[in-house]
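Hydrogens, waters and symmetry mates play no part in the numbers below; they use all other heavy atoms, side chains included. Every value quoted in this text rests on a predicted model; they were computed, and no experiment measured them.
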Amino acid sequence: MHLMNPMIPGLTGIKMSSSILDSKIDILDSPHDIQSKISRAYAKEGVKDNNSILAFTKFVLFRLIKDKFVIDRLEKFGGPLEYSSYATLEIDYVNRVLHPQDLKSAMSKYLNLILAPIRAEYFSDVAIQKIAQKAYPSDAVSIQNHDI
């Protein structure tokens, strides 16, 4: 069986590429690296086409988050927003109710929550790290140089 998912644009606004580090998020990226990559991601206000932040939210986060998708905002910026469907979030984004930076902050928060147990397992198991080193010698991340 072959499973397919839609291609998500890279964070830089062009095709995602393993050779362009800022165009993708690795599951072992540190919380700081994820926040940094997402905050620099291309996401034009009000535009949904070729928007990696919207695509990632739709095809990854909304499929993994079982509760409402909450975007924390200060009251002076309209207060928190809650979404139980991606369609409503997209409408607010296109209508500029939801600002790209607010969505990026929420995406970083949720993605780091989702990846935290994966990182913790990886960095607590030397055997898994050795397997990764053998499979991907130049890409494997070691516990010595990484923050969880």
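- Judged by distance alone, with hydrogens and angles left aside, the side-chain atoms of Ser36 form no donor-acceptor pair with the main-chain N or O of His32 at under 3.5 Å.
- Within the model, atoms CG of Leu113 and CD1 of Ile65 stand 8.5 Å from one another, a figure rounded to the nearest 0.5 Å.
- For Tyr110, the ring pair (Phe, Tyr, Trp, His ring centres under 6.0 Å) partners are Phe69, not counting sequence neighbours.
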Original post:
Which is it for Leu28 and Leu115 under the side-chain contact (heavy atoms from CB on, under 4.5 Å) test, yes or no, and what are the steps along the way?
Top reply: CA-CA 8 Å; Leu28 296 177; Leu115 294 178; over 6 Å; no
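- The distance from atom CD1 of Ile53 to atom CG of Leu98, rounded to the nearest 0.5 Å, is 11.0 Å.
- Note that the NZ atom of Lys68 and the CG atom of Leu81 stand 12.0 Å from one another [nearest 0.5 Å].
- Within the 4.5 Å cutoff, side-chain heavy atoms of Val70 are placed close to those of Asp72.
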Original post:
So Ile38 and Phe56, side-chain contact (heavy atoms from CB on, under 4.5 Å) or not? Walk me through it.
Top reply: CA-CA 11 Å; Ile38 291 172; Phe56 199 93; over 6 Å; no
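- Between the side chain of Arg119 and the main chain of Asp29, a donor-acceptor pair closer than 3.5 Å is present.
- Note on Ile27 and Phe123: same hydrophobic cluster, where clusters join Ile, Leu, Val, Met, Phe, Trp and Tyr whose side-chain heavy atoms are under 4.5 Å apart, directly or indirectly.
- Taking all atoms of both residues into account, the shortest heavy-atom contact from Gly79 to Arg73 is O-NE, 2.9 Å.
- With side-chain heavy atoms closer than 4.5 Å counting as contact, directly or through intermediates, the hydrophobic cluster containing Leu74 also holds Phe77.
- For the pair Ser39 and Gln101, the minimum side-chain heavy-atom distance is below 4.5 Å.
- Between Ile34 and Asp26, the closest side-chain pair of non-hydrogen atoms is not below 4.5 Å.
- Contact check for Pro80 versus Glu75: side-chain heavy atoms found under the 4.5 Å cut-off.
- Linking ILVMFWY side-chain heavy atoms closer than 4.5 Å, directly or via other members, places Ile114 and Leu54 in a single hydrophobic cluster.
- Distance alone, capped at 3.5 Å, is enough to place a donor-acceptor pair between the Asn112 side chain and the Ser108 backbone.
- Counting only distance, with no hydrogens or angles, the side chain of Gln129 and the backbone of Tyr122 share a donor-acceptor pair below 3.5 Å.
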Under 3.5 Å, which donor-acceptor pairs do the side chains of residues 88-95 form with other protein atoms, sequence neighbours left out?
unit_1, atom_1, unit_2, atom_2, d
Thr88, OG1, Ser85, OG, 2.8
Glu90, OE1, Tyr86, OH, 2.9
Glu90, OE2, Lys48, NZ, 3.3
Asp92, OD2, Tyr83, OH, 2.7
Tyr93, OH, Lys44, O, 2.9
Tyr93, OH, Asn51, ND2, 3.1
Asn95, ND2, Ile91, O, 3.2

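- Across all their heavy atoms, Glu45 and Arg96 have their closest contact at O-NH2, 3.4 Å.
- Remark: Asp102 CG to Lys104 NZ distance equals 11.0 Å, nearest 0.5 Å.
- Put simply, Ile118 and Ile25 are part of the same group of oily side chains (I, L, V, M, F, W, Y) that touch within less than 4.5 Å, one to the next.
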